[in-house]
Student: 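Pasting a structure here, questions to come.
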Number of protein chains: 2
Amino acid sequence: METLTIGDFAARSGVAPSALRYYEREGLIRSTRTAGNQRRYERAELRRVAFIRIAQQVGVSLDEIRAALADLPENRTPTRADWAHLSDRWRHRLEEKIALMQRLRDDLSGCIGCGCLSLHRCKLINPDDRLAEEGPGPRILLNPAD
Amino acid sequence: METLTIGDFAARSGVAPSALRYYEREGLIRSTRTAGNQRRYERAELRRVAFIRIAQQVGVSLDEIRAALADLPENRTPTRADWAHLSDRWRHRLEEKIALMQRLRDDLSGCIGCGCLSLHRCKLINPDDRLAEEGPGPRILLNPAD
DNA sequence: GTGCAAGTTGAAGTTCACTTCAACTCAAGG
DNA sequence: CCTTGAGTTGAAGTGAACTTCAACTTGCAC
C-alpha cells in the first residue's frame with residue numbers, strides 16, 4: 001500500500017473527504033491521480049493535514065496556513081528538518097497565543113470582576129496609560145500586538 | 001452623561017455599531033431607547049461586551065456566550081460578585097484552552113517534526129494506545145476531551 | 001429653526017470553511 | 001461480467017458573525 005485513497009486518507013487524518021477536496025482546491029494539500037482520475041495520497045500528506053488542523057486550533061485562517069505551507073519544498077517530500085523549521089516558527093505563534101490566553105485568564109476575575117473594563121483608564125487594561133490617546137476599548141487585553 | 005449613544009458605546013467597547021445591533025438582536029446585550037427610538041447604553045453594558053469579546057478570543061460561540069450571560073441577574077445591574085462568579089466559571093474554560101495550546105506547543109516540534117503524525121500509533125498522539133480502536137486521526141492532540 | 005452628522009429599520013450581501021447534491025464513473029469481490 | 005460501494009465534478013447550500021444598503025428619522029450646534 002503505497003498511497004491512500006481519499007477515504008482511507010480521510011479516516012487516517014480525521015478530516016472528511018469533502019474537506020480534503022476543499023483543501024486541495026485551496027492549494028493546501030496535493031494528490032496524484034490514478035488512470036481513472038481518482039485521488040491518491042502519499043502518507044507524507046498526513047503531516048500537512050495534521051499541521052493544518054493544529055494551526056486551525058490556534059485560530060489561524062486557511063489563507064495564512066497556505067502561506068506557511070508554501071515554505072515547504074515543492075519538488076521533494078519535506079524532510080524532518082523542513083517540518084522542524086516550520087514547526088519552530090509556529091511554536092512562536094502558539095507561545096504568543098498562550099501568553100494572550102494566560103493574560104486573559106489572569107485578568108478575567110480581576111478586571112471583569114471589579115468592573116473596571118467599563119473604565120477607560122483601567123490599570124489592567126492600560127497598564128501605563130500609554131494608550132490613552134489611541135482610542136477606546138480593552139486594547140491591550142484583546143490586542144497585545146498594538 | 002448617564003448613558004451612551006451607540007456611537008460612543010462602539011468607540012468605548014471597540015465593537016462596531018452594526019455588531020452591537022447584531023448582539024442586541026441575538027439577545028447578548030440590552031439597551032434602552034430615547035423618545036426618538038435611539039439606543040442608549042448604560043456603562044454596565046460595557047462589561048458584557050468585554051466579556052463577549054474575551055470569550056470569543058477563547059473560541060466560544062455567541063450561542064454559548066449568550067447561555068453564559070443568561071446567568072446574570074435580569075432585573076438589576078450585575079454586581080461585582082455576579083461577574084466574579086461568571087468569570088470563575090470561564091477561567092476554567094480558559095485553563096483548558098491554555099492546556100490544549102501548551103500540549104500543541106510541546107508536541108508540535110516533537111510530533112510533527114519527526115513525522116509521526118502520519119503514524120496511527122504515534123506515542124505522542126496516542127500515549128497509551130487506549131484509543132487504537134476509536135478511529136483515526138490525531139485524536140488526543142486535537143480533542144483532549146475524548 | 002435649520003442643517004447635517006448620527007441614528008433607525010429590514011433585507012440582502014459577505015467571508016470563511018466546509019457540506020450536500022445530482023449525475024455520473026471507477027474498481028474490486030463474487 | 002456485474003454489482004456495489006467508493007470516487008469524481010461543478011454548483012449550490014449552510015451557519016456563524018457580521019457588514020452594507022437604502023430609505024428614512026433624530027438630535028445637537030450654530
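We name chains A, B, ... by the order of the sequence lines, and we start the count at 1 in each one.
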Student: Contact class for A:R40 (heavy atom, under 4.0 Å): base, sugar-phosphate, or nothing?
Tutor: nothing

Student: Does A:R93 count as lying over the ring of A:W90, i.e. NZ or CZ under 6.0 Å from the six-ring centre, within 45 degrees of the axis?
Tutor: yes

Student: Give the rounded distance in Å between these two atoms: CG of A:D8 and P of C:dA28.
Tutor: 11 Å

Student: Can a side chain N or O of A:T34 be found less than 4.0 Å away from OP1 or OP2 on C:dC26?
Tutor: no

Student: Look at all strands and tell whether B:E26 reaches a base, only sugar-phosphate, or nothing, counting heavy atoms closer than 4.0 Å.
Tutor: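 No contact.
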
Student: Which is more 5' along DNA chain D, the nucleotide nearest B:S61 or the one nearest B:A35? Just name the residue.
Tutor: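 The residue closer to the strand's 5' end, by nearest nucleotide, is B:S61.
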
Student: It should be established whether A:Q38 places a side-chain nitrogen or oxygen under 4.0 Å from OP1 or OP2 of nucleotide D:dT9.
Tutor: no

Student: Phosphate oxygens OP1/OP2 of D:dT20: is one of them under 4.0 Å from a side-chain N or O of B:S18?
Tutor: no

Student: Output the rounded distance in Å from CG (B:L4) to P (C:dA6).
Tutor: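 Roughly 16 Å, once rounded to whole Å.
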
Student: Is there side-chain contact between B:R48 and B:L69, with heavy atoms separated by less than 4.5 Å?
Tutor: yes

Student: May I ask you to say whether B:R33 pairs ionically with B:E24, meaning some side-chain N is under 4.0 Å from a carboxylate O?
Tutor: yes

Student: Mind checking if A:A16 touches a base, just sugar-phosphate, or nothing, with heavy atoms under 4.0 Å?
Tutor: sugar-phosphate

Student: Does B:N37 or A:P17 map to a spot on DNA chain C nearer the 5' end, using the closest nucleotide for each?
Tutor: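 Here B:N37 is the residue nearer the 5' end.
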
Student: Let me confirm one number: the CG-OG distance from B:L20 to B:S31, rounded to the nearest 0.5 Å.
Tutor: 9.5 Å

Student: Can a side chain N or O of A:R39 be found less than 4.0 Å away from OP1 or OP2 on D:dG7?
Tutor: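 No.
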
Student: Starting at atom CZ of A:R25, determine the distance to atom P of D:dA12, rounded to an integer number of angstrom.
Tutor: 14 Å

Student: Using a heavy-atom cut-off of under 4.0 Å over every strand shown, decide if A:F9 touches base, sugar-phosphate, or nothing.
Tutor: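 Answer is nothing: A:F9 stays at 4.0 Å or more from every strand.
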
Student: Taking only side-chain nitrogens and oxygens of B:R53, does any of them come within less than 4.0 Å of OP1 or OP2 of D:dC18?
Tutor: yes

Student: Check the distance between C:dC18's P and A:L20's CG and give it to me in whole angstrom.
Tutor: 10 Å

Student: Tell me whether the OP1 or OP2 atom of D:dA16 has a side-chain N or O from B:Y22 closer than 4.0 Å.
Tutor: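 So the side-chain polar atoms of B:Y22 never come under 4.0 Å of the phosphate oxygens OP1 or OP2 of D:dA16.
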
Student: Nearest-Å distance, OH (A:Y41) to C1' (D:dT8)?
Tutor: 11 Å

Student: Within the 4.0 Å heavy-atom criterion, would you say B:R21 contacts the bases, only the backbone, or no part of the nucleic acid?
Tutor: base

Student: Return the value, rounded to whole Å, for the distance between atom CD1 of B:I65 and atom P of D:dA17.
Tutor: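 To the nearest whole Å, that distance equals 7 Å.
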
Student: Between A:L62 (CG) and C:dT19 (P), how many Å, whole number?
Tutor: 11 Å

Student: Within the supplied structure, the quantity of interest is the number of heavy atoms (other residues, nucleotides, ligands) at a distance under 6.0 Å from B:E42 CD; does it exceed 12?
Tutor: no

